[in-house]
Amino acid sequence: MKALAIDLGAGSGRAVVGSIEEGRISVREAHRFPNEPVAVGNRLYWDILRLYHEVKQGIRLAVRQEDGCIGSIGIDSWAVDFGLISASGELLGNPYHYRDAHTADAIAEVLALPGLSEAEVFNRTGIQFLNFNTIYQLHALVRDGNPALAKAERLLMIPDLLRYFLTGEMHSEFTNTTTTQLFNPIRGDWDDRLIGAIGIDRKLFLPPVQPGTRVGRLRPEVTAELGVPAIPLIAVGEHDTASAVAAVPALDEHFAYLSCGTWSLMGTEVRAPVITDEARAMNFTNEGGVCGTYRLLKNIMGLWILEECKRRWEKERGDRLDYAEMLAAAEAAPAFRSFIDPDDGRFLHPPDMPEAIRSYCRERRQPVPESIGETVRCILESLALKYRYVLECTERLTGKTYKGLHMVGGGLRNELLCRYTAAALGRPVWAGPTEGSALGNLAVQWIATGAIKDIAEARAMIRASFPVRTYEPADREAWTEAYRKFAALLALA
């Protein structure tokens, strides 16, 4: 039986049908749609009802195209954002976008609350400090007297919310729950101490369910509207990175990965969270994975920086800018001319990303990238060098050495970044599959329905079904010297 993955990214969403035939997996995109945030005044929101409409269209098209042979549905998306539901079951307003500015000072504000400290919060959650984490979003709602909180009965993360719309059932899925910085992995439940400290009612939080749990069927109103059967929904690794890691076609039990897209998420899979002073100092995170695992990783800003530059340049030019043209210009530009820290706060959501890059370089007395080629090269080299730093930190935390790096996700289409990454690491990069999140989503559905035995079998099938391209390191001496300069510029330990 075929399965349907609803895979939502920060810029677009898609409905992907997966099939298994003779031990091989094939996928087909049934529907793709944009996911554009909406600015109202000084607030930034997700257009959640438009997303729900597109999810329904994806279900309708997939069922029609597959003659009704869709056995299950799973939804994955980005983390940390949520909707609030009233006692009558109504959504209390559009969810805020994680790039909204209302959490700009929220980390310091939360850590200043009585009895809280950076060590206390990390030791209770194992989650890195990012100002858009759910804990800080909720604190900002309390601080600003948001009226929705007084009426709220439940909090649902984005996939939970869309599932609720489809099924009428409310569940909180484990992998996304862990990203909130309100979940205690030692206790295996929400952390009452932190929830109380920020002034939130504990009733909002449902008990987490594990990936692979059946969580309802399409409600009668939906089946009637779409002309489809009451297809069951399965909680997958609903944080898209959890799904992407599930799809890593690793041969070794211990492997390093990079889920590459709008965000770069880099780390390894572990059986228990690594909650140590060193992990906290490095600002690593321990997010839930599938099949009883955790993902020890670090968020890196990723190709968002390049996408925002492209958007700005297109606005200035008044026409579309071709990716191949941008990358060719980057390759022709001088190497190692200037670097940025991709995780500098100015790159989170600036009005003019190329100017943000120029100002960073000016402040650090580096050559200022002016052309498209110089700017793109600066971004890609900086990302590759930051990947080396994070991989070496991962090895320090786990005590393991990784032979190379598995890259998955849509960012693999940027071959120049893959080449630079292998060169910066001085190790091979195994790139593929590009359909990481959707494949991991499908794999968990098939494990839940018995079509696949376990995650090891799923990864073996993915490895046999999709090409993986190997990038070998080049110009090692030049990249080693570039990393020395990069580390000195960023004062990396």
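Judged by distance alone, the side chain of Thr285 and the main-chain N or O of Glu287 form no donor-acceptor pair under 3.5 Å. Judged purely by atom type and a 3.5 angstrom limit, Asp7 has no side-chain atom pairing as donor or acceptor with the backbone of Val16. Side chain of Arg427 to backbone of Tyr402: a donor-acceptor contact under 3.5 angstrom is found. No donor-acceptor pair closer than 3.5 Å links the side chain of Thr213 to the backbone N or O of Val215. Remark: the backbone N or O of Met407 is not paired with any side-chain donor or acceptor of Tyr257 at under 3.5 angstrom.
In this view, Asp343 and Lys386 satisfy the side chain to side chain donor-acceptor pair (under 3.5 Å) rule, not counting sequence neighbours. Checked against side chain to side chain contact (heavy atoms under 4.5 Å, CB included), Pro232 has the following partners two or more places apart in sequence or in another chain: Arg217.
For the atom pair CH2 (Trp78) and CD1 (Ile158), the distance works out to 5.5 Å, reported to the nearest 0.5 Å.
Taking the six-membered ring where tryptophan is involved, the planes of Trp46 and His97 are essentially parallel, since the angle between them stays under 30° and well short of 60°. Under the 30°/60° scheme for interplanar angles, the aromatic rings of Phe255 and His406 are found to stand perpendicular.
Other residues, nucleotides and ligands place more than 12 heavy atoms under 6.0 Å from the NZ atom of Lys203.
Taking the ring centroids of Tyr387 and Tyr420, they lie at or beyond the 6.0 Å cut-off.
Using a cut-off of 4.0 Å between Lys/Arg side-chain N and Asp/Glu carboxylate O, Glu307 and Arg311 are scored as not salt-bridged. Contact check on Asp344 versus Arg346 returns a salt bridge, with a Lys/Arg side-chain nitrogen under 4.0 Å from an Asp/Glu carboxylate oxygen. A salt bridge links Arg163 with Glu238: the closest approach of a Lys/Arg side-chain nitrogen to an acidic carboxylate oxygen falls below 4.0 angstrom.
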